[in-house]
Number of protein chains: 2
Amino acid sequence: MGATIRDVARAANVGLGTVSRVLNNSPLVSPATRQRVLNVIAELNYTPSQIARNFASGKTLTVATIAPFFTRPSVVERLRGIELMLSASNYNLVVFNVETVERRDVCLRDVPRRDRTDGLLVISLSPRPQEVAMLRQTGVPVVLIDTVADGMAGVYVDDVAGGDLATCHLIELGHRRIGFVGDSLEEVQAFNFTSSRNRLRGYLQALERYGIVPNPAYQRHGIHGRYEARVLARELLQLAEPPTAIVAASDTQAMGVLEAARDLGVEIPASLSVVGYDDIDIAEYLGLTTVHQPLFDSGARGVEILFAALSGEPVAPAHELLPIKLIPRATTAAC
Amino acid sequence: MGATIRDVARAANVGLGTVSRVLNNSPLVSPATRQRVLNVIAELNYTPSQIARNFASGKTLTVATIAPFFTRPSVVERLRGIELMLSASNYNLVVFNVETVERRDVCLRDVPRRDRTDGLLVISLSPRPQEVAMLRQTGVPVVLIDTVADGMAGVYVDDVAGGDLATCHLIELGHRRIGFVGDSLEEVQAFNFTSSRNRLRGYLQALERYGIVPNPAYQRHGIHGRYEARVLARELLQLAEPPTAIVAASDTQAMGVLEAARDLGVEIPASLSVVGYDDIDIAEYLGLTTVHQPLFDSGARGVEILFAALSGEPVAPAHELLPIKLIPRATTAAC
DNA sequence: TGGTACGATGGAACCAGTTCCAACAGACGA
DNA sequence: TCGTCTGTTGGAACTGGTTCCATCGTACCA
């Protein structure tokens, strides 16, 4: 464990540079010399110090990921895509979980530093213009996953189209009184999430296209979570004229809606249709109709874009659109 | 971004060592000098290079975690405990996801190196004696979470007791024909998981204590997963004399059992009782009776033990036992 | 008044690689 | 025969901190 590159050089009777060249697979070493050095390396059981390499080369061989609520199934699946991609490279994955606004801001400010990480992935949290400027200034390549921001690169899905898709599905099944359960607006704003907001926009857009006047009483917002969604959905179902269908901003929230229906003895899908969003693992189990988005791929593709930025010229700050599709299952039916 | 400690020293008209002392909050600096240095630091907008610090101090300020199938809800929850604990320190969390045996072996061999990480957490994967020896040789402090190995420190739950607890619960409800759905023995062996095996042992132990002869046909093993468990459970339920209750080695597998029951029109809990293990988030939603274990705490406590090892003398290779308890819900009833 | 102890300070040496330039040998063409 | 070019090679300089030892001034004590 104590052998250094100098020990190797001495023992192999070559220069420091030559050993370094062998370690880095430089072609500027004669086969004979290379072999001699390799022999000595094996003999001394030498492994170059990663930490010294990082220091000398100025690279950390690290990719940082800032993920909000990384226990949410959708986020975990994105992380899996990221991890799998990185595991095939020699970059390590450093994870920052964000569950409070303070931590969001701290992470976005402190993590992107050249001496801490070579590249940064940000999931779902959209940096604000001022933050974009700071990020750019650090010189650390950043790729956004599941969100967009002016002047940044990333992958995303069209959540407006997704919200529209879910709502259209219900309208075409004959529903007219359609509710929406989404994230609390304060939370969305504090974290600067974009998806719940856009899904709501898609919901409204679909209603409008079909000439349905949106009923504000049908739109409920609360902290993201099954329990909170359950409470909101119960309110909706207890209205004098309850909706016959509900669009949820995520599968987790859709589960809350299903719970509320169960609480009140409302039959699914006979008396209430429910559409979720994300198509997480459990959705199939529950027979939940939902909007599928490529979660794993979003992570993997994000890493690919980051790699391009790491190993070449600055990548165009373009956003790549991933496809979505509606998966009809057992929680939706004709009105 | 270009300022170095030497620039600061020059500008503040002090020595290198003094600046270093200020940075590290050493008491060996007079208040006046400290203030002067701090002013210059602010003026030059200087931040010490993390990478250089790491190199010079020989620390990586990194804790690595090797986690098998880190998308499984139980693993994610442990990771959350780990992340939250680390976020309060200045250690970063580097995650290695293990989904194949090859990667297990590679990670266990390559990750624990002093120049890569300061400490290592291993979730659920028990190192074999030979691996324990190698780990020890590296000098990297290691803490096991959810498993044990001779000569290593860690936190765990008594899975034998847990399997026993689940089975007793069923026996006391009057069940005698009790099935078990667990992980494939090859998979368990290849990864060297301990929990499924121990839960089976607890199941057998409980049967024996009550004088029930275990029926080998009632014990099924398959790759861990909902779908596989569903197939296994279907086999069990289609036996000439099917079990009236099933113990699953995890909540995920219990969900597969519930699906199988649904497939075959078997009423839960009227005709079949089901007990899971882990008490993951979704268990409550499903009304699944299960054995609760402190997932979050296991991660957090693992980090605490690791910190003790990092900042002091070698910790005793002791295993800390965390409590478990049975949570009776709606999937179990009297026979 | 001299000796001692201690707080404060400066800076050389060090960590273990990478990078880059000078130098050299041998092949080859003029 | 000499210059040139190319493929190899050696090693100084560099990355930016930490550590530790020598030094200095001053307060305190005998």
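Reminder, nothing fancy here: chain letters follow the sequence lines and each chain counts from 1.
In this structure, a donor-acceptor pair under 3.5 Å is absent between the side chains of B:E43 and B:N39. A side-chain N or O of B:N24 and one of B:R53 form a donor-acceptor pair less than 3.5 Å apart. Of the N and O atoms on the side chains of B:R80 and A:T71, not one donor lies less than 3.5 Å from an acceptor on the other residue.
Applying the ring-ring contact (aromatic ring centres under 6.0 Å, His included) definition to pairs two or more places apart or across chains, those involving residues 32-66 of chain B are A:F55-B:F55.
Between A:D7 atom CG and C:dC15 atom P the separation is 11 Å, expressed in whole Å. The interatomic distance linking A:Q50 (CD) with C:dA16 (P) rounds to 14 Å, in whole Å. The distance from atom CG of B:N13 to atom P of C:dT9 is 12 Å, rounded to the nearest whole Å. Rounded to whole Å, atom P of C:dT18 lies 11 Å from atom CG of A:L61. In this structure, the CD1 atom of A:I51 is 14 Å from the P atom of C:dT18, given to the nearest Å. Look at OH on A:Y46: it is 10 Å from P on C:dA16, rounded to the nearest Å.
Note on ring orientation: taking the six-membered ring where Trp is involved, the planes of B:F193 and B:F69 are tilted (angle from 30° to 60°).
Across residues 19-41 of chain A, A:S20, A:R21, A:N24 each have a non-hydrogen atom less than 4.0 Å from an atom of DNA chain C (numbered order).
The local environment of CD in B:Q189 is sparse, with at most 12 non-hydrogen atoms from other residues, nucleotides or ligands closer than 6.0 Å.
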Step-by-step salt bridge (charged side-chain N to carboxylate O under 4.0 Å, His left out) determination, B:E77 to B:R72: CA-CA 9 Å; B:E77 193 59 19; B:R72 290 184 189 167; over 6 Å; no
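The six-membered or imidazole ring of B:F96 lies away from that of B:F70, with a centre-to-centre distance of 6.0 Å or more.
Applying the 5.5 angstrom centroid cut-off and the 30 degree plane-angle cut-off, the aromatic ring of A:F55 is not stacked upon the base of C:dC15.
Put simply, the side chain of B:T18 never gets that close to the backbone of B:V14: no donor and acceptor are under 3.5 Å apart.
Residue A:G17 is the one, among A:G17 and A:A56, whose nearest nucleotide of DNA chain D lies closer to the 5' end (criterion: closest heavy atom).
Running 5' to 3' along DNA chain D, contacts with non-hydrogen atoms of chain B at under 4.0 Å begin and end at D:dG16 to D:dC20.
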